[in-house]
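Remarks on the structure that follows.
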Amino acid sequence: MFEEKPLNGETPENDDVGHQEDRRFFLKQSIALAGLTFVPGGFLQAGEQDEVPVGNAEKVKLTLTINGAKRRLTIDPRVTLLDLLREKSGLTGTKKGCDFGQCGACTVHVDGQRVLSCLTFAVMQHGRKVITIEGLASNEQLHPMQEAFIKHDGFQCGYCTPGQIMSAVSCIREGRANSETEIQEYMSGNLCRCGAYPNIVNAIMEVKTNGQKV
Ligand code: FES
Ligand code: FES
């Protein structure tokens, strides 16, 4: 759907050497990440769990495609995909609500699947394609789901809306928008403090009923 293009002078990888390099990066990153989660039991005394120093993790290299643009980054392996998008890529459309996997505000698509970016390590997305709310529209043309949300007043404050729209698109793509009940169940992980739920369901129903390509 999107043409891969270099960003900020970054060079796209399209040869064998590049792929081998990628694999080495991935293995190194996986090992580094595994090391982070392993704390020898003998190092901990009873009641000292909260006092374990975090320390500095070795930075790792990461290549991924965000909204059609290939990015090469050097990051702390503990960074979540959400923080990478917001803090390192300037893509603040994806929202941080709970930062705990409970609200859905951080929903994005990775290789076509919806994921909670606050629960996703960025380093594990090496080589994958990420689409955020900023990448849903095509040039100046809003995505049909964005238009439907506007038409049906599917938001009030708008904070949850990027995540709602990304989930709404997945809802139709995965064939889970065949009834109001089905939509409500699929969308139940996306919370809206403003209570725009009925209008959100109406928006999804309309896109589904019209057979619009999502
Ligand atoms: Fe990710 Fe709430 S910010 S689920
Ligand atoms: Fe305000 Fe959903 S529109 S939280």
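A quick note: this is a predicted structure, and the numbers were derived from the prediction, not measured. As a basis for the values below, the full set of heavy atoms in this structure was taken, side chains included, without hydrogen atoms, waters or symmetry mates. Throughout, residue positions are numbered sequentially from 1 according to the sequence presented.
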Exercise for review: Check step by step if side-chain contact (heavy atoms from CB on, under 4.5 Å) holds for M205 and H152.
Suggested key: CA-CA 11 Å; M205 283 294 288; H152 289 275; over 6 Å; no

Review point. Under the side-chain contact (heavy atoms from CB on, under 4.5 Å) criterion, do L91 and I66 qualify, and how do the steps go?
Key: CA-CA 10 Å; L91 296 169; I66 304 175; 3.4 Å; yes

Check your understanding: So R193 and C157, side-chain contact (heavy atoms from CB on, under 4.5 Å) or not? Walk me through it.
Key -> CA-CA 9 Å; R193 293 183 64 181; C157 77; over 6 Å; no

Check your understanding: Going through the checks in order, is the side-chain contact (heavy atoms from CB on, under 4.5 Å) test met by C160 and F155?
Key -> CA-CA 8 Å; C160 73; F155 53 89; 5.9 Å; no

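Between the D111 side chain and the K129 main chain, a donor and an acceptor come within less than 3.5 Å of each other. Looking at N210, its side chain never comes within 3.5 Å of a backbone N or O of Q212 through a donor-acceptor pair. Side-chain atoms of N67 come within 3.5 Å of backbone atoms of T132 as a donor-acceptor pair (strictly under, hydrogens ignored). A side-chain donor-acceptor contact under 3.5 Å links Q146 to the backbone of H143. The main-chain N or O of A137 is never found under 3.5 Å from a side-chain atom of Q141 such that the two would form a donor-acceptor pair. The backbone N or O of G93 lies less than 3.5 Å from a partner atom in the side chain of E134, making a donor-acceptor pair. In this structure, the side chain of S89 engages the main chain of L84 through a donor-acceptor pair within 3.5 Å. Looking only at distances, no side-chain donor or acceptor of R72 sits under 3.5 Å from a matching main-chain atom of T63. A donor-acceptor pair is defined here as one N or O able to donate and one able to accept, closer than 3.5 Å; no such pair exists between the side chain of T209 and the backbone of E206. Judged by distance alone, the side chain of S179 and the main-chain N or O of E182 form a donor-acceptor pair under 3.5 Å.
Closest heavy-atom contact between V207 and P144: CG2-O, 3.9 Å. Taking both residues in full, the closest heavy atoms of L119 and G101 are given as CD1-CA, 3.6 Å, listed atom of the first, atom of the second, then distance. Closest approach of I200 to G154, counting heavy atoms only: CG1-O, 3.4 Å. In plain terms, the two heavy atoms of A177 and I172 that are nearest each other are CB-CG1, 3.9 Å. When all heavy atoms of F121 and P77 are compared, the closest pair comes out as CD2-O, 3.6 Å. Between K95 and Y159 the shortest heavy-atom distance is CG-O, 3.2 Å.
In this structure, L62 CG and I75 CD1 are separated by 4.5 Å, a value rounded to the nearest 0.5 Å. The distance from the CG atom of L116 to the CG atom of L82 is 10.0 Å, given to the nearest 0.5 Å. Taking CZ from R86 and OG from S117, the interatomic distance works out to 9.5 Å, rounded to the nearest 0.5 Å. The structure places CD1 of I133 at 8.5 Å from OG1 of T161, a figure rounded to the nearest 0.5 Å. Annotation: the span from I204 atom CD1 to I165 atom CD1 amounts to 9.5 Å, rounded to 0.5 Å. Note: K96 NZ to T80 OG1 = 6.0 Å, rounded to the nearest 0.5 Å.
When the side chains of ILVMFWY residues are joined at heavy-atom separations under 4.5 Å, either directly or via intervening members, L85 and L73 end up in a single hydrophobic cluster. One hydrophobic cluster holds both L64 and V110 under the rule that ILVMFWY side chains link at heavy-atom gaps under 4.5 Å. In the hydrophobic clustering of ILVMFWY residues, with side-chain heavy atoms under 4.5 Å counting as a link, I183 and V214 come out together.
Within a 6.0 Å radius of CD in E185, no more than 12 heavy atoms belonging to other residues, nucleotides or ligands are found.
Judged by distance alone, the side chains of R114 and T107 never bring a donor and an acceptor atom under 3.5 Å apart.
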